[in-house]
Amino acid sequence: MEDSFKHIFLIGMMGSGKSSVGMTLSQKLNLPHIDTDEDLMDILNLDMNQIFETFNEERFHALESTYFIEHIKNNKYIYSTGGGIILNSQNRSTMNKFGKTILLKSSISNLYNRLKQDTKNIRPLFKKNNTKKNLQKIWNDREKYYTECADYIIKVDNKSINEISNEIIKKLN
Ligand code: S3P
């Protein structure tokens, strides 16, 4: 894999598979992996719903951004980012400057099915309104940021984590 860039950033909607793909890529490329949501939950010792209740959505994203901008100063990492990381313009320019950004793009129906099934990690934005309509609205509001940020767009519907990871590695080569 060419070494001219520093980090690999996985972006996309909640439920698009960023965490699983990040872990698989980490094994395949022998690079360390960071899941920004997991890290923030560990640091704060709260689950994501408690974080949203304690800080609210806007303050969570501010915290996420501070953590992210600081963390990327480290060695080369694969980042599985939170779905809202692209909302902040500094995060977007940082990703463009310091790595390759990959958008995992899923249909709304698949996101909906995945999020409904994931009872261990109930996303606050889905808990508040667990409808396809809500997911569609979030996507519509964010699509321009996701696509503006992405060096590569990978369609993930009906593909295994392994297939998606191999496709990413091919793009990066
Ligand atoms: C969010 C997505 C979540 C998490 C938080 C907010 C969002 O991450 O950061 O619930 O604004 O889309 P995942 O995309 O990893 O679920």
Side-chain angles (χ1 to χ4, degrees), residues 7-26 32-72 77-92 94-95 99 101-150 153-157 159 161 164-165 168:
H7 305 298
I8 298 169
F9 301 108
L10 300 176
I11 60 168
M13 289 280 285
M14 50 188 155
S16 58
K18 293 163 290 177
S19 301
S20 312
V21 171
M23 283 189 278
T24 302
L25 272 183
S26 163
H33 171 239
I34 288 286
D35 187 310
T36 57
D37 284 346
E38 292 289 336
D39 264 23
L40 286 165
M41 289 191 284
D42 279 353
I43 292 165
L44 297 168
N45 198 22
L46 296 170
D47 69 31
M48 197 46 82
N49 285 292
Q50 290 168 328
I51 294 178
F52 267 55
E53 280 155 24
T54 312
F55 297 97
N56 81 31
E57 185 179 348
E58 204 178 311
R59 283 172 64 209
F60 162 71
H61 284 310
L63 197 69
E64 176 184 51
S65 182
T66 307
Y67 173 76
F68 182 61
I69 304 278
E70 196 49 42
H71 199 285
I72 59 124
Y77 271 96
I78 297 167
Y79 284 89
S80 296
T81 62
I85 202 96
I86 43 76
L87 293 173
N88 177 296
S89 65
Q90 204 188 347
N91 294 347
R92 297 198 298 274
T94 298
M95 287 192 274
T101 303
I102 292 127
L103 169 62
L104 302 187
K105 191 172 178 185
S106 163
S107 65
I108 296 297
S109 291
N110 278 350
L111 291 177
Y112 176 78
N113 292 334
R114 299 261 300 269
L115 292 170
K116 272 250 150 184
Q117 277 162 22
D118 194 349
T119 47
K120 268 199 252 148
N121 179 11
I122 302 171
R123 273 63 163 202
L125 294 182
F126 190 64
K127 189 178 175 195
K128 200 166 76 177
N129 181 348
N130 66 349
T131 61
K132 283 188 192 171
K133 207 172 157 196
N134 181 37
L135 291 175
Q136 185 68 60
K137 183 179 181 322
I138 297 173
W139 170 255
N140 291 348
D141 290 345
R142 295 178 177 179
E143 182 179 5
K144 57 180 179 298
Y145 300 128
Y146 282 130
T147 45
E148 169 198 313
C149 232
I153 298 176
I154 308 281
K155 290 189 180 161
V156 298
D157 288 346
K159 290 179 190 162
I161 298 297
I164 298 165
S165 306
I168 293 172

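For the numbers below, each heavy atom of this structure counts, side chains included, while hydrogens, waters and symmetry mates do not. Residue numbers run from 1 in the order of the sequence given. Both ligands and their constituent atoms are indexed starting at 1 by order of listing.
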Please work out whether any backbone atom (N, CA, C, O) or any side-chain heavy atom from C-beta onward of L87 is under 4.0 Å from ligand 1, and answer side chain, backbone, both or neither.
-> neither
Judging by distance only, is a nitrogen or oxygen of P124 under 3.5 angstrom from one on ligand 1?
-> no
Salt bridge (charged side-chain N to carboxylate O under 4.0 Å, His left out) pairs, two or more places apart, involving residues 33-55 = none
Between F55 and F60, does a ring pair (Phe, Tyr, Trp, His ring centres under 6.0 Å) hold up when you go through it step by step?
-> CA-CA 6 Å; F55 297 97; F60 162 71; 8.5 Å; no
Which atoms of ligand 1 are found less than 4.0 Å from any heavy atom of F60?
-> 5 (C), 9 (O)
Which one of L135, L104, I11, D37 has a non-hydrogen atom at the shortest distance from atom 8 (O) of ligand 1?
-> D37
Hey, is ligand 1 close enough to K18 that some N/O pair sits below 3.5 Å?
-> yes
Tell me, which protein residue and heavy-atom name are nearest atom 6 (C) of ligand 1, and how many Å apart are they?
-> F52 CZ, 3.7 Å
Would you say H61 contacts ligand 1, with heavy atoms under 4.0 Å as the rule?
-> yes
Side-chain H-bond candidate by donor/acceptor type, H61 with E64, under 3.5 Å | yes
Winner among R142, E64, R114, M48 once heavy atoms are compared against atom 11 (O) of ligand 1 = R142
Mind checking side-chain hydrogen bond (donor to acceptor under 3.5 Å, both in side chains) for Q90 and listing every partner two or more places apart, or none if nothing turns up?
-> none
Using modelled atom types only, decide if a donor and an acceptor are shared between the side chain of S80 and the backbone of K18 within a distance under 3.5 Å.
-> yes
Quick one: nearest non-hydrogen protein atom to atom 2 (C) of ligand 1, plus distance?
-> G83 N, 3.4 Å
Location of contacts on R123 toward ligand 1, heavy atoms closer than 4.0 Å = side chain
Does T81 use its side chain to pair, donor to acceptor, with the backbone of L10 at less than 3.5 Å?
-> yes
Per the side chain to side chain donor-acceptor pair (under 3.5 Å) rule, which among K137, Q136, R142 passes with N140?
-> Q136
